[in-house]
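Scroll down for the structure; my scribbles are underneath it.
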Protein chains: 2
Amino acid sequence: MNSRLQELSNCGFKITPQRRLILDILQKSDRPLTAEETAERIKKKEPRISVATIYRNLNLLVEIGVLSKLEIADAAARFQINQGHNHHLLCLGCGAAIKIGICPLQGRVEELIQEHGFSVDSHYFEITGYCRECQLKETGK
Amino acid sequence: MNSRLQELSNCGFKITPQRRLILDILQKSDRPLTAEETAERIKKKEPRISVATIYRNLNLLVEIGVLSKLEIADAAARFQINQGHNHHLLCLGCGAAIKIGICPLQGRVEELIQEHGFSVDSHYFEITGYCRECQLKETGK
DNA sequence: CTCCTAGTTGGTAACTATTATTATTTGCAA
DNA sequence: TTGCAAATAATAATAGTTACCAACTAGGAG
Ligand SMILES: [Mn+2]
Ligand SMILES: [Mn+2]
Ligand SMILES: [Zn+2]
Ligand SMILES: [Zn+2]
């Protein structure tokens with residue numbers, strides 16, 4: 001059985017067809033999807049699924065670490081299979097997320113946090129813009 | 001005349017009592033304010049002001065560079081007098097914004113942007129948590 | 001000064017992304 | 001199988017913000 005489904009089970013949650021579908025869609029996608037995009041794709045197989053179910057389960061899957069959530073300023077959050085802590089170049093055209101293996105929460109920034117006695121809850125680092133493909137779509141042709 | 005009001009005039013916008021009040025409140029605040037907080041404070045002087053007017057003008061003042069806007073994930077945006085490009089430690093308790101004079105859009109990150117041919121629109125770096133004062137309020141006493 | 005009008009305002013409806021509620025259904029352990 | 005906690009579908013509610021529009025006004029032309 002799919003190890004990500006297994007993880008649901010391990011945590012005491014039930015394996016429902018809806019959860020199978022959500023995971024399936026996200027595993028097949030080459031880029032993170034919004035809740036709405038996930039819903040659209042699922043509805044082709046199972047038109048009766050509720051968007052509340054999508055949101056509920058995307059959040060649940062994030063909580064148990066199977067998915068990760070990209071918070072994007074002034075736009076819908078995007079969800080993807082968790083590949084560890086990362087930051088991205090986010091394309092506003094196609095939704096692609098290009099991983100950058102650098103976290104700014106280090107060095108001088110961490111020192112400043114110490115100096116101010118600040119207790120960190122979370123951090124966000126995101127770069128929005130347009131990927132090469134989306135730029136060509138605009139300009140060329 | 002206040003040089004920030006002057007800037008409105010320079011850009012061809014009218015100086016209205018509402019705009020004076022918004023700027024006045026923000027100039028007197030020691031931390032960035034949400035639109036709602038700005039509205040509350042103004043309503044003590046001018047109860048008839050509309051929240052639409054507040055939002056409209058906060059955004060206008062950001063556009064002409066008089067204010068800057070802090071986008072905070074899953075929370076209302078905060079506005080402050082523009083003091084140049086900055087990132088902050090944002091306190092979820094009291095709304096304080098502690099400046100950190102470091103922008104992660106440099107070095108290896110910029111190289112990666114080049115390498116991917118990514119065209120940057122904007123970037124967003126924020127650290128949320130609790131300032132020293134708010135931590136004491138919780139723990140001590 | 002007075003007049004005129006483009007710019008501005010107040011009030012409110014609409015919107016987007018998301019969470020809450022609740023009656024009904026279902027996965028799965030016993 | 002059965003029983004029931006967990007999960008779902010449908011829908012209302014929420015927060016933050018923008019859109020809309022009829023009524024008002026700042027400030028330049030005369
Ligand atoms: Mn990080
Ligand atoms: Mn920066
Ligand atoms: Zn793209
Ligand atoms: Zn604080």
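For clarity, every value in this text was computed on a predicted model and none was experimentally measured. We name chains A, B, ... by the order of the sequence lines, and we start the count at 1 in each one.
- Applying the side chain to side chain donor-acceptor pair (under 3.5 Å) test to D24(A) and every residue at least two apart in sequence or in another chain returns K28(A).
- At its two ends the helix from dC1(C)-dG30(D) to dA30(C)-dT1(D) runs along axes set 20° apart, each axis drawn from five pairs and the angle rounded to 10°.
- With a 4.5 Å cut-off on side-chain heavy atoms, I113(A) and V109(A) count as touching.
- Between Q18(A) and dA9(D) there is a side-chain polar atom (N or O) within less than 4.0 angstrom of OP1 or OP2.
- Using a 4.0 Å cut-off between charged side-chain N and carboxylate O, R108(B) and E115(B) make a salt bridge.
- C103(A) places a side-chain heavy atom less than 4.5 Å from the side chain of H123(A).
- Ion pairing of R4(B) with E7(B) is absent here, as no side-chain N (NZ or NE/NH1/NH2) approaches a carboxylate O to less than 4.0 Å.
- Contact of the I100(A) side chain with the F125(A) side chain is registered, since non-hydrogen atoms from C-beta on lie closer than 4.5 Å.
- Between the CZ atom of F13(B) and the C1' atom of dT25(D) there is a distance of 17 Å, given to the nearest Å.
- In the 5' to 3' direction, nucleotides of DNA chain C lying under 4.0 Å from heavy atoms of chain B begin and end at dA6(C) to dT12(C).
- For Y124(B), the side chain to side chain donor-acceptor pair (under 3.5 Å) partners two or more places apart in sequence, or in a different chain, are E126(B).
- Around NZ of K43(B), the count of heavy atoms belonging to other residues, nucleotides or ligands within 6.0 Å exceeds 12.
- Side chains of S29(A) and R41(A) form a contact here, defined as non-hydrogen atoms less than 4.5 Å apart.
- Clustering ILVMFWY residues whenever any of their side-chain heavy atoms sit less than 4.5 angstrom apart, transitively, puts L90(B) in a cluster other than the one holding L26(B).
- Connection of L23(A) to L21(A) is established within a shared hydrophobic cluster, with ILVMFWY side chains joined at heavy-atom distances below 4.5 Å, either directly or through further cluster members.
- Residues F79(B) and L61(B) fail the side-chain proximity criterion, which asks for heavy atoms closer than 4.5 Å.
- A heavy atom lying under 4.0 Å from DNA chain D marks the following residues of residues 31-57 of chain B, by number: A52(B), Y55(B).
- Taking every heavy atom of both residues into account, Q135(B) and Y130(B) meet most closely at NE2-O, 2.8 Å.
- Residues from residues 59-81 of chain A lying near DNA chain C, meaning a heavy-atom separation below 4.0 Å, are N59(A), A76(A), A77(A) in numerical order.
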